[in-house]
J.: 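One structure coming up, written as C-alpha cells, with questions to follow.
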Amino acid sequence: MFGLFKKKKTIFEDQLNQLSELGIFMSADLKKELLLKEFSRNEYEEDPYNLLLFTLGGEVEVNGEFINVSEEIWYLDTECIEDHGDCARIIIRLENMTKLNLNNITDYVDIQNGTAWVSFEYMNELIRWEMKVDDDWLDMEIFKKFNELIKTEQSILKSEFSDESWLVYAPNMKISFGTVQRLLK
C-alpha cells in the first residue's frame with residue numbers, strides 16, 4: 001500500500017535530457033561529471049529532478065571564480081540581504097536570465113536603520129524600488145515588481161513560496177517561481 005506513494009526512479013541522464021527539452025541546460029563550460037561531485041548518481045535517481053534542479057540552480061567554483069551551473073534556473077536562498085550590493089545582485093541575475101538591458105544597477109542596504117532600495121535604468125527610464133527590510137530576508141516584492149517591469153516583454157511571473165528558497169526559471173523570457181513539480185507540469 002505504501003508503495004503507491006513511492007517516487008518513481010528516473011535515470012540521471014533522462015532527467016538531464018527532459019530538463020534540456022524544457023530549456024534548462026548546464027553552462028557550456030561545465031560537464032555533467034561536475035553534478036556527480038555534488039550528489040551521487042543514486043541520490044539524483046532516488047529523488048528525481050529535485051536534486052538536479054537544486055544543483056543546476058546553484059553555483060560552482062571553477063579556477064577560483066564562482067559561476068552559475070545553469071543560466072536558465074536559479075536556486076535562491078532568500079535569506080540573502082546583508083549589505084550594499086545584495087539587492088543589485090538579485091536584479092543583475094534576473095537581468096541575465098531574461099536578457100533585458102538594464103543599466104546603472106545600484107542599491108543601498110542598511111538593515112539596522114531599516115532602509116533598502118535598488119535602482120537601475122530600463123528603456124531610458126530611472127527606476128527605484130524601496131525594499132522592505134526584515135532582518136536579512138529578501139523582500140519578495142522584488143519579483144512582482146520585476147514582472148510588472150517586463151510585462152512589455154510579454155513575460156509571465158508566477159509565484160509559489162517553497163520553504164525558505166525559490167526556484168527561478170526563465171527560458172524564453174518567461175519567469176516561474178515555485179516548486180520543482182510545478183516546473184515539470
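Scope of the values below: all heavy atoms of this structure, side chains included, with no hydrogens, waters or symmetry mates. Sequential numbering from 1 along the given sequence is applied to the chain's residues.
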J.: Please check if the side chain of Glu95 supplies one atom and the backbone of Leu102 the other of a donor-acceptor pair under 3.5 Å.
T.: yes

J.: Tell me whether the rings of Phe54 and Tyr75 are parallel (<30°), tilted (30 to 60°) or perpendicular (>60°).
T.: perpendicular

J.: Can you check whether Leu30 reaches Ser27 side chain to side chain, under 4.5 Å on heavy atoms?
T.: yes

J.: Answer yes or no: is there a side-chain heavy-atom contact under 4.5 Å between Ile91 and Tyr122?
T.: no

J.: Treating Asp77 as the side-chain partner and Glu79 as the backbone partner, does any N or O pair qualify as donor plus acceptor under 3.5 Å?
T.: yes

J.: Give a yes or no on whether a salt bridge exists between Lys144 and Glu141, defined as a side-chain N under 4.0 angstrom from a carboxylate O.
T.: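 Between Glu141 and Lys144 there is a salt bridge, with a charged N closer than 4.0 Å to a carboxylate O.
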
J.: Does any non-hydrogen side-chain atom of Leu76 lie less than 4.5 Å from one of Leu138?
T.: yes

J.: Between the side chain of Asp47 and the main-chain N/O of Asn50, is any donor-acceptor distance below 3.5 Å?
T.: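 Not at all, since once roles are kept as given, no pair shorter than 3.5 Å links the two residues.
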
J.: Could you check whether atom CD1 of Ile11 has more than 12 heavy atoms from other residues, nucleotides or ligands sitting under 6.0 Å from it?
T.: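 Open: at most 12 neighbouring heavy atoms sit under 6.0 Å from CD1 of Ile11.
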
J.: Can you check salt bridge (charged side-chain N to carboxylate O under 4.0 Å, His left out) on Lys145 and Glu130, steps first, answer last?
T.: CA-CA 11 Å; Lys145 291 175 180 180; Glu130 300 294 324; over 6 Å; no

J.: Look at the rings of Phe12 and Tyr44 and say which category their plane angle falls in: under 30° parallel, 30 to 60° tilted, over 60° perpendicular.
T.: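 Aromatic pair Phe12/Tyr44 classed tilted.
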
J.: Would you check if Met97 and Glu72 make a side-chain contact, meaning some heavy-atom pair closer than 4.5 Å?
T.: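 The answer is no; the side chains never approach within 4.5 Å.
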
J.: Does the side chain of Thr115 come within less than 4.5 Å of Val133's, by heavy atoms?
T.: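 No, too far: nothing below the 4.5 Å cut-off.
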
J.: Does the side chain of Trp74 come within less than 4.5 Å of Asn68's, by heavy atoms?
T.: no

